[in-house]
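Heads up, the thing below is written out as structure tokens.
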There are 2 protein chains.
Amino acid sequence: MNGNSAPLFNDLGGIYHWQNSNSGRTQVMGNTEDDVGAARSGRVRIADIARELGLNPSTVSRAISNPNRVNPETHKLVAQTARRMGYTANHLARSLRTGRTNTLLVAAPSQPGLPISPVVIDVLHGIFFEAGRMGYSVFIRETDPSGMAPTNRRPLSGLADGIISISGTAEIIQSGGLAAEMAHLPLISLLTDQTQLNIPSLIADEAAGLYQAADYLIRQGHVKLAYIAGPLDISEHDRPRYQGFCRRLEESGLLDGHVRIEGGSYDFSSGTRAAETFLDLPDKPTAVIGVSDAVALGFIRRIKDAGLRVPEDVAVIGYDDLAYSAYTSPSLTTISQPTVEIGKAGTRLLIDACSGRFDLKPQLITMPTHLVRRESA
Amino acid sequence: MNGNSAPLFNDLGGIYHWQNSNSGRTQVMGNTEDDVGAARSGRVRIADIARELGLNPSTVSRAISNPNRVNPETHKLVAQTARRMGYTANHLARSLRTGRTNTLLVAAPSQPGLPISPVVIDVLHGIFFEAGRMGYSVFIRETDPSGMAPTNRRPLSGLADGIISISGTAEIIQSGGLAAEMAHLPLISLLTDQTQLNIPSLIADEAAGLYQAADYLIRQGHVKLAYIAGPLDISEHDRPRYQGFCRRLEESGLLDGHVRIEGGSYDFSSGTRAAETFLDLPDKPTAVIGVSDAVALGFIRRIKDAGLRVPEDVAVIGYDDLAYSAYTSPSLTTISQPTVEIGKAGTRLLIDACSGRFDLKPQLITMPTHLVRRESA
DNA sequence: CTGAAAGCGCTTACAG
DNA sequence: CTGAAAGCGCTTACAG
């Protein structure tokens, strides 16, 4: 190692060990030495193939991108040679010329110091799936609502055909340096309703989800319910969920007796904090709905420590249906939202809009949620 | 909506509702109408600014990219005009010309039908953090070891300055269509030792982690230990962990009595399956280490249902220290590995290698793990 | 069906 | 300090 390595690791504060690898082996993948071209970067270009074959570059280009507009023999020859020489098209050059990138820009929110949330990950999974199927690549830009993290704010232009904003408000999107792109590219918002900004939005029916949860509890005979709220400022998720909760209570005349506990965020510790508030309540609700699974689980953990039984003393329902919610003790009754489907459908709609096959209007599409019954309620 | 929408949703199998947005409002962000240029895509180019100012495009370019090589007055004028006209540099054109993209390509593994794992997410978080700090963007390509998912295999060229492979084997990387890029770009492997392929690798000391876990249990007096294994074929993670486990047992002469239970994968259900095997064991170990937190939690959940107490009857330790492992009942004693730091350090090393500031050799860097003591052991 | 030319939007030696 | 020219690697009318 050269001397430059030290400051790196000083900055990163890590203890580390160097080991020598078993050297002497050669790189596994790569071009063979006798390949032609390799002018600038060592890469084979269309011009190299053309020279090798005594053809015009335009013919080689056609053979690669539009095989049907070229002699079958020529196509075969070019294809073989391209493979032999290890040619891969330069994405930059092709996109610059055609004006199409076959790339989607995804703005994914993250809190400072926290990784992308599991819910967003599921949406991303749907995006990757559908984008891969359609031959699109994915450019990810983390956006930080708080502006604390060193997110990349460098404005980007020309590198994508469309934008997906996950759970993002207008400010969040701007913070990602995407404003300029938004003015020119089709855009869809997932998980958050932004139709008031004329942005097509594909969301889970969060209000219906909380309605379903409250309905389930009320049918079980609960009359005093609590809702553990999420953050009001950053996201748009708390409001519709609380509304759905209240709507169902109102229908049974139970609205007056309900308790709204401010959790603060969507994470476990917000749930434990909410539990502290709950435990201090003189007249405790018998059923609680958390704004997220993590909040519900943090809440359960804390009230179990205080000697309360779930669901016997307090029934608890979450929202998200994360993978581990089926394996906790008690396993968590929760509202499942079609996150992966939202990712897939949003990607499909956007790609179709990019190619002009679909007219993406600033409308709201709502996907249904459903209750997953387990042990906690 | 036009008629094209129906087949979309047939494919996606979703029930959905359209709502009309409150229309009539105008787009929030965008160029004002009297801006110049807008030849092809509606975007402002350097040529537009130059025309507006009566300058040569090269001067405008310099003013934007190299302010110090231009008259301060000119710089100011260009900067103002660029802002007013809403100019953002075309990333494609710039990169094509300079040969530098300021972009990193990340190959992230995913199992078919499953989203990216929490561990990989943490590494990605570190990558985003450090890349953002250094002004780099991140291109993500999901790679599918099984080849089942419709991952994007289109070969990409020219769009990144370096490649990060997370927890990937050579085959996995190839499946992502990255072989050609690998031959030309600096590459680093995170979480998986690939130095045998001459690829610099930055990993957690998994062997030491399992050694620490076994050590902790043995010091508590346990003499019969079990290890729930992960998959052998796909990943390289099981082997070093099992080795570390065995090494510590051997030191105390306990190796002969140990049990290795095949879990199958890293997820919860693998843990519950392993628990079934465990419950059938005539002479049960009193302490169990899972290859992952999810496996350990799935295991705990199942043996609790069978009437065993954790840690009184069976002590359980996991590996990963995921966020929710602190909130389960019992909370999980586990091995923490510096995933975020690995992401940050790997990104830093790679970027410095891209810019020639650092000579990235095919060596192995190992980051330390540590035991997090909670309730389960 | 193939070739020659122009151009996507930018940057950078090279002159002046 | 600024201008004119060339070129990154590709594609696509336009001729032939």
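Since the model is a prediction, treat every value here as computed from it, not as a measurement.
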Quick one: is D/dT2 close enough that its OP1 or OP2 comes under 4.0 Å of any side-chain N or O from B/T74? yes

What pattern of brackets, bars and dots sums up DNA chain C from 5' to 3', given Watson-Crick or G-U wobble pairs under 3.5 Å, [ ] for crossing pairs and | for another strand? |||.||||||||.|||

Please say which of A/I127, A/L187, A/I164, A/L202 ends up in a side-chain contact (heavy atoms from CB on, under 4.5 Å) with A/L350. A/I164

As a test of understanding, state which of B/L197, B/T195, B/I199 forms a side-chain contact (heavy atoms from CB on, under 4.5 Å) with B/S189. B/I199

Donor-acceptor pairs are to be reported for all side-chain atoms of residues 75-83 of chain A against protein atoms at under 3.5 Å, with residues two or more places apart or in another chain.
{"from": "A/H75", "atom 1": "ND1", "to": "A/A63", "atom 2": "O", "distance (Å)": "3.2"}
{"from": "A/T81", "atom 1": "OG1", "to": "A/L77", "atom 2": "O", "distance (Å)": "2.7"}

Contact class for A/L92 (heavy atom, under 4.0 Å): base, sugar-phosphate, or nothing? nothing

Shorter than 3.5 Å, N or O on both sides, protein versus nucleotides 12-16 of chain D: list them out with atom names.
{"from": "D/dT12", "atom 1": "O4'", "to": "A/R97", "atom 2": "NH2", "distance (Å)": "3.4"}
{"from": "D/dA13", "atom 1": "N6", "to": "A/R62", "atom 2": "NH2", "distance (Å)": "3.0"}

Go through the structure and list residues passing side-chain hydrogen bond (donor to acceptor under 3.5 Å, both in side chains) with A/S201, not counting sequence neighbours. none

Check side-chain hydrogen bond (donor to acceptor under 3.5 Å, both in side chains) between B/S355 and all other residues, then give those that pass, not counting sequence neighbours. B/R357

With the side chain defined as heavy atoms from C-beta on, B/A93 is closest, among D/dC1, C/dC10, C/dT2, to C/dC10

Any side-chain hydrogen bond (donor to acceptor under 3.5 Å, both in side chains) pairs touching residues 55-65 of chain B, not counting sequence neighbours? B/N56-B/S58

For A/S157, the side-chain contact (heavy atoms from CB on, under 4.5 Å) test, sequence neighbours excluded, returns A/E181, B/R43, B/T88

Could I get the full list of salt bridge (Lys or Arg N to Asp or Glu O under 4.0 Å) partners for A/R100, not counting sequence neighbours? A/D161

